[in-house]
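In the text below, chain A, chain B and the rest are named by the order of the sequence lines, each starting its count at 1. Predicted model only: the values in this text are computed from it and were never measured.
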There are 2 protein chains.
Amino acid sequence: MLKRTVNKLEPPQILILVFAVAILLGSFLLVLPIASNEAISYMDALFTATSAMTVTGLVVVDAGTAFTLFGQIVIIALIQLGGLGIMTFAVLIYMALGKKIGIRQRILMKQALNQSAIGGVVALAKKLLFFSLSVEIVAIIFLSIRWVPELGWSDGLYTSVFHAVSAFNNAGFSIWSDSLSGYVFDPVINILITLLFIIGGIGFTVVFDLWSKKEFKHLSLHTKVMLFGTLLINLFSMLIIFVLEYNNPDTLGVMSSSQKLAAAYFQAVTPRTAGFNTIDIASMEESSLFYIITLMFIGGGSASTAGGIKLTTALAILLSTMAVFKSKENIVLFQRNLRPYTIMRALALTVGSMAVVILTIFILNLTEDASFLTIMFESVSAFGTVGLSMGLTGELTTVGKVVLVLTMLVGKLGPLTFAFAFTSHTPDLIKYPKEDVMTG
Amino acid sequence: MLKRTVNKLEPPQILILVFAVAILLGSFLLVLPIASNEAISYMDALFTATSAMTVTGLVVVDAGTAFTLFGQIVIIALIQLGGLGIMTFAVLIYMALGKKIGIRQRILMKQALNQSAIGGVVALAKKLLFFSLSVEIVAIIFLSIRWVPELGWSDGLYTSVFHAVSAFNNAGFSIWSDSLSGYVFDPVINILITLLFIIGGIGFTVVFDLWSKKEFKHLSLHTKVMLFGTLLINLFSMLIIFVLEYNNPDTLGVMSSSQKLAAAYFQAVTPRTAGFNTIDIASMEESSLFYIITLMFIGGGSASTAGGIKLTTALAILLSTMAVFKSKENIVLFQRNLRPYTIMRALALTVGSMAVVILTIFILNLTEDASFLTIMFESVSAFGTVGLSMGLTGELTTVGKVVLVLTMLVGKLGPLTFAFAFTSHTPDLIKYPKEDVMTG
Ligand SMILES: [K+]
Ligand SMILES: [K+]
């Protein structure tokens, strides 16, 4: 009976249902006395469960001190479920939304997808679970080599498991209240953690494509774009942060040149969408914070554990703008032309996302007593499920918490998912004559 | 020789040339000793000339007290030239940018446009000069009825001329340093000034279309959209400002209900793009200021004296987003389908505009000592050539002034104009296979 109802649902509706149920269950577990060292309100439990399930990492109570081991295990389970869930559904929803997937992607997906949506979900989820666990186990081994000698066997292993799962799923949760600031100059932690969240955030289709292809030219357009795009935006962002924070005494100012580079690298890659930090966010220059806001809005790769509008979406928007500027009709990328529908979808996603962010900022401006930049930063961080914070999240009003819970949820599942789930889909019956309006 | 060179230029290049020459000439006149009561720097003269020619209204020195009658006449002449110039070129650039203009608009434009760009410019400019002067003269008569009894013949007439030209051209310059705050409850001034800048800001094609058609159904799609769109956004904005500022003791809080309505109405219609104010901007709530920022970015009508991305551009973006959300292929508006190219152009314009605004905010964050919201407000006000200010413009550093001069210029002429003027236009020679990237 239940199964029949669920089978009738479209993938976007199932996705919302899965997230809602998991978050509610998680919040009930987190509000239990055995989950926390001090009594926490249900609102704080709900916020924490949402932040974990949406792999955001914004916290109203400190994950490391407020929660018991049981509570922390609930959090890490929600993170793993959220990361898996979002990767699994990404492709299904992509197809449900009327998107014809390219032949190369289709081959990748073929074996994983069955007739019914539920069947597809389960098969794909199994495959992705194997992928996630493989990467996480390798990461746990490497992290343990660093952390077991420092923290002993049980703490060292636990710390490695927690941060491996949190990093691969781009959750940004840490057991330390200052995130990874204690390891700002540690090369092993810097490299391992960033590598983990970059692999998790680039999208599994990219990883699978790389795994199965021998030559660069055989890679899909999407893979090529993601590889080059990720490299370029990370290098550029590193340069920007390095220059802007060079003399800031509260961030890079006191460091040596190589330390500056390490900290700039970490802070350049974490806003899309990991959310860990090794320097104090609130102490950064306003121009850096504004730059980070744009990075958080852009986010990582499609079909990944990252959030935001995604790198390819931003690129499609940018390239189509440049095409119009140059009076070109076609958008060229690695000797391929982008389809018009790709552009329309990218446009809708970006505008829908901006609408959600603007509404969040607008409401928080009414309810919270904080500077505009702080509110903007926290809103985009929640929408992009990044988890970087200038400090507002810890001091939110109840209304503010409710708003950010909704923003994280819409941000993670995507405005298109909600739009599809809650609108009827009737074909255009009438064709009207075409007419223009003047623009600009 | 000169004429032959100019004839070879494309309309976007001529437009930039006209504005650059007029601004430079204006700045030389304004820096003359006879133009100002106290010595002003060349930078301030250049800023004022740019602000006048781009009909922005942001001021680094007070127009009413710093400048002599000669200086003020230079300012008002630049405003008239800038307003006329931008309306004249709007249509030419529209066509130059590869836009096929609709039959209805074409009929409107036909008699005005000759073979050569220069010929077209001159003919259209004459027609628009007649239009501008007619409206302004009627306005001067009505304003004089209010201001001559109060200020005497010479002052009353001069004040009426200055504000009629400034309002029709959406310039927002006032001879009073608190703009029209002295007339916040004056029904005549409220109605006349807002009517003037709404007529100037809705676009002359709308006015001409209304003038020549007898029935609503014969109006062009553009006209219908602008009429309904302007009405709806103004009513909605009035409601928002009314509610948000209702209890603010520094703005509407101390007023009676009808006074609140009058002030909310004025503050709702002025951000797109008039720039006059009757209440103190800096005293408004942060949520109101953020809302006003979005209004300033949207702006008024195409082929008008208003700035911003334009109401129809914002609407095209919004409607195409909603079409994707509803899985529709066509965008329906008053029983017409919008052309895909209209959407692409709207997208490019919006993204290009955002890029300019983001860059301005980013640089001002480095050079100016002001809150983020203030910097964002002033940047969007300059880009949208609005002229509303939270007070930063009067305290700008020299670099800040240079940045806003460029922002006003790019904002007024449009990113597409600059892109067209400075890029080569070669057709797409190679057709590549189509391939998608995943978005979102
Ligand atoms: K995160
Ligand atoms: K203005």
Side-chain angles (χ1 to χ4, degrees), chain A residues 94 97-98 102 205 221-222 225 286-287 290-291 294 302-303 309-310 312-313 316-318 320-321 324-330 332 335-337 339-340 342 344-349 351-352 358 361-362 365-366 371-373 414 416 419 423 425 428 431-440, chain B residues 94 97-98 102 205 221-222 225 286-287 290-291 294 302-303 309-310 312-313 316-318 320-321 324-330 332 335-337 339-340 342 344-349 351-352 358 361-362 365-366 371-373 414 416 419 423 425 428 431-440:
Chain A
Y94 212 63
L97 292 180
T205 61
L221 177 64
H222 182 78
V225 169
E286 296 214 328
S287 42
F290 185 52
Y291 182 75
T294 61
S302 298
I309 59 167
K310 306 292 163 15
T312 41
T313 308
I317 295 272
L318 206 67
S320 66
T321 299
V324 174
F325 278 11
K326 290 181 177 173
S327 313
K328 301 267 185 210
E329 274 192 29
N330 294 307
V332 184
Q335 303 191 314
R336 291 288 181 278
N337 288 336
R339 282 177 212 277
T342 306
M344 292 307 293
R345 198 175 183 281
L347 166 66
L349 238 158
V351 175
I358 286 173
I361 294 173
F362 186 77
N365 254 317
L366 290 173
S371 84
F372 183 80
L373 184 63
L416 273 172
T423 55
H425 305 275
D428 297 344
K431 266 226 152 199
Y432 294 107
K434 284 193 162 49
E435 190 172 343
D436 291 333
V437 294
M438 295 177 79
T439 48
Chain B
Y94 213 62
L97 292 181
T205 60
L221 178 63
H222 182 80
V225 169
E286 296 214 328
S287 42
F290 184 52
Y291 182 76
T294 61
S302 298
I309 60 167
K310 306 291 162 20
T312 42
T313 309
I317 295 274
L318 206 66
S320 66
T321 298
V324 175
F325 277 11
K326 292 180 177 175
S327 313
K328 301 266 185 209
E329 276 193 26
N330 294 306
V332 183
Q335 303 190 314
R336 291 287 182 279
N337 288 337
R339 283 176 212 277
T342 306
M344 292 307 293
R345 198 175 183 279
L347 166 66
L349 238 157
V351 175
I358 286 173
I361 294 173
F362 187 78
N365 254 317
L366 290 173
S371 83
F372 184 81
L373 184 64
L416 272 172
T423 53
H425 304 276
D428 297 343
K431 266 227 155 199
Y432 294 107
K434 284 196 163 45
E435 189 173 343
D436 290 333
V437 292
M438 294 177 81
T439 49

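- Put simply, CZ on A/Phe325 and CZ on B/Arg345 are 10.0 Å apart, with the number rounded to the nearest 0.5 Å.
- Taking CG of B/Asn365 as the reference point, atom CG of A/Leu373 lies at 7.5 Å (rounded to 0.5 Å).
- Taking the side chain as every heavy atom from C-beta outward, B/Val324 and A/Leu347 never approach each other to under 4.5 Å.
- Taking the ring-ring contact (aromatic ring centres under 6.0 Å, His included) definition, one finds that A/Phe290 meets it with B/Phe372, sequence neighbours left out.
- For the atom pair B/Leu366 CG and A/Glu286 CD, the distance stands at 10.0 Å (nearest 0.5 Å).
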